[in-house]
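See structure below.
The figures that follow rest on heavy atoms only: side chains count, while hydrogens, waters and symmetry mates do not.
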Amino acid sequence: QVLLVESGGGLVQPGRSLRLSCAASGFTSDYYAIAWFRQVPGKERERISCISGNDGQTYYASSVKGRFTISRDKAKNTFYLQMNKLQPDDAGVYYCAAEEHTEAVFRLCTLGLANHWGQGTQVTVSS
């Protein structure tokens, strides 16, 4: 029922910025959380950032803290990942994921459990 659609990926030069969007629909309550994951071939999927769907509490991986910002437009049911000072190591397929549960923030943002996934959007950082 929950549908997540990512967009905004592309090719950028190192040091530049990019904003990813996740359009979400189908939530039945405010007990949910949204996370951005990054998948790089040959590496484990990494949780980049997470946000609570109700109170907006945010979480970041140490590698992106201070450079990336997760946010939401509640009226549009859209979540964003603003990526600044992009580095080649930031490249990969970025997935929007959601957990809908009374303990969604703990399950997704701490344990990494997600009920739903988007299709992914490619981010390439190259000169």
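- Here the CZ-CG distance, from Arg47 to Leu111, works out to 8.0 Å after rounding to the nearest 0.5 Å.
- Remark: Phe37 pairs with Trp117 by the ring-ring contact (aromatic ring centres under 6.0 Å, His included) rule, at least two apart or across chains.
- Neither Leu108 nor Ile70 shares a network with the other; the hydrophobic side chains, linked directly or stepwise wherever heavy atoms of I, L, V, M, F, W or Y lie under 4.5 Å apart, form separate groups for each.
- Taking 4.5 Å as the limit, some side-chain heavy atom of Trp36 sits within range of a side-chain heavy atom of Glu6.
- Looking at residues two or more places apart in sequence or on another chain, you find no side-chain hydrogen bond (donor to acceptor under 3.5 Å, both in side chains) involving Asp89.
- Taken to the nearest 0.5 Å, the CG atom of Asn77 stands 11.5 Å off from the CG atom of Leu3.
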Could you tabulate the donor-acceptor pairs under 3.5 Å formed by side-chain atoms of residues 11-31, not counting sequence neighbours?
residue, atom, partner, partner atom, Å
Ser17, OG, Asn84, OD1, 2.8
Thr28, OG1, Glu100, OE2, 2.9
Ser29, OG, Tyr31, N, 3.1

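- Among residues at least two apart or in separate chains, salt bridge (Lys or Arg N to Asp or Glu O under 4.0 Å) pairs with a member in residues 60-70 are Arg67-Asp90.
- Atom-to-atom distance recorded for Phe79:CZ and Leu4:CG is 9.0 Å, nearest 0.5 angstrom.
- By the 4.5 Å heavy-atom criterion applied to side chains, Val123 and Met83 are counted as neighbours.
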Exercise. Step by step, work out the side chain to side chain contact (heavy atoms under 4.5 Å, CB included) result for Thr78 and Arg72.
Key: CA-CA 6 Å; Thr78 300; Arg72 62 176 178 172; over 6 Å; no
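- Annotation: the span from Lys43 atom NZ to Arg45 atom CZ amounts to 15.5 Å, rounded to 0.5 Å.
- Pairing each heavy atom of Glu46 with each of Ala61, the nearest pair is OE2-CB, 4.1 Å.
- A donor-acceptor pair is defined here as one N or O able to donate and one able to accept, closer than 3.5 Å; no such pair exists between the side chain of Gln87 and the backbone of Ala91.
- Residues passing the side-chain hydrogen bond (donor to acceptor under 3.5 Å, both in side chains) test with Tyr94 are Arg38, sequence neighbours excluded.
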Would you mind writing out the side-chain donor-acceptor pairs for residues 48-55 within the sub-3.5 Å range, not counting sequence neighbours?
residue, atom, partner, partner atom, Å
Ser49, OG, Tyr59, O, 2.8
Ser52, OG, Asn54, N, 3.3
Ser52, OG, Asn54, OD1, 2.3
Ser52, OG, Asp55, N, 3.4
Ser52, OG, Asp55, OD1, 2.8
Asp55, OD1, Gln57, N, 3.1

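- When side chains are defined from C-beta on, Thr69 counts as touching Tyr60, because their heavy atoms get closer than 4.5 Å.
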